Amino acid sequence: MKKKIIIIGAGPGGLTAGMILSHRGFDVTILEKAPEVGGRNAAIKLGNFTFDTGPTFLLMNFVLSDIFSEVGRRPEEYMEFKRLEPMYRLKFPDFEIFPTSIYEDMKTEVK
């Protein structure tokens, strides 16, 4: 008989824990109070617009690859990735920064 595990919250941590524990043979149930999964990373909908709050770990593809490899899978089996340059914009009252994965461009951004 499989041991039962209940995970509270279907954000990135809860989903990752559920995926790994299920793969290891546990009977996993994930409970989420919101109508959709994602936790603090869930999309925000306003009228006809949807805003992606952008989980930052998706910017570190190696983290996602490590999580999926733990269960013998690849993220590309479930998601489509598109490179963004710049990755996003950080806006402050007196300046903006546009983080990028291009090393030389990022050096210029932080000077």
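Given the structure is predicted, the values throughout are model-derived calculations rather than measurements. Here, residue 1 is the first one in the sequence, and each next residue gets the next number.
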To the nearest 0.5 Å, what is the distance between CG on L64 and OH on Y78? 11.5 Å
Using a side-chain heavy atom cutoff under 4.5 Å and only I, L, V, M, F, W and Y, what cluster partners does V37 have? I5, I7, L15, L21, F26, V28, I30
Who are the side chain to side chain donor-acceptor pair (under 3.5 Å) partners of E70, not counting sequence neighbours? R24
Under 6.0 Å from the CG atom of D94, do we count more than 12 heavy atoms belonging to anything else shown? yes
Sort and list the pairs that fulfil salt bridge (Lys or Arg N to Asp or Glu O under 4.0 Å) and have at least one residue in residues 10-22, not counting sequence neighbours. none
Decide if atom CZ of F49 counts as having more than 12 heavy atoms of other residues, nucleotides or ligands within a radius under 6.0 Å. no
Less than 4.5 Å apart, side chain to side chain, heavy atoms only: is that true for K4 and T29? no
Which pairs would a plain distance check flag for residues 99-106, meaning a side-chain donor or acceptor within less than 3.5 Å of a matching protein atom at least two apart in sequence or in another chain?
from: T100; atom 1: OG1; to: E85; atom 2: OE1; distance (Å): 2.2
from: T100; atom 1: OG1; to: I102; atom 2: N; distance (Å): 3.1
from: S101; atom 1: OG; to: R83; atom 2: NH2; distance (Å): 2.6
from: S101; atom 1: OG; to: E85; atom 2: OE2; distance (Å): 2.4

Rounding to 0.5 Å, atoms CE (M79) and CD (E77) come to a distance of 10.0 Å
ILVMFWY cluster membership beyond L84 - transitive side-chain contacts under 4.5 angstrom: none
What's the spacing between D27 CG and K3 NZ if we round to 0.5 Å? 13.0 Å
With side-chain contact (heavy atoms from CB on, under 4.5 Å) as the criterion, how do R89 and I97 come out once you've worked through the C-alpha distance, each side chain's angles and the decisive distance to 0.1 Å? CA-CA 6 Å; R89 175 178 72 164; I97 278 187; over 6 Å; no
Hydrophobic cluster mates of I8, side-chain heavy atoms under 4.5 angstrom, ILVMFWY only, any path? I6, L31
Backbone N or O of D66 within a donor-acceptor pair of the S69 side chain at under 3.5 Å? yes
Aromatic contact between Y88 and F98, with the criterion being ring centroids under 6.0 Å apart: yes or no? no
Taking all atoms of both residues into account, what is the closest heavy-atom pair of G38 and P12, and its distance? O-CD, 3.7 Å
Minimum heavy-atom distance E32-G11, with the two atoms named: OE1-N, 4.2 Å
Could you give the distance from CZ (F51) to CG (L46), rounded to the nearest 0.5 Å? 5.5 Å
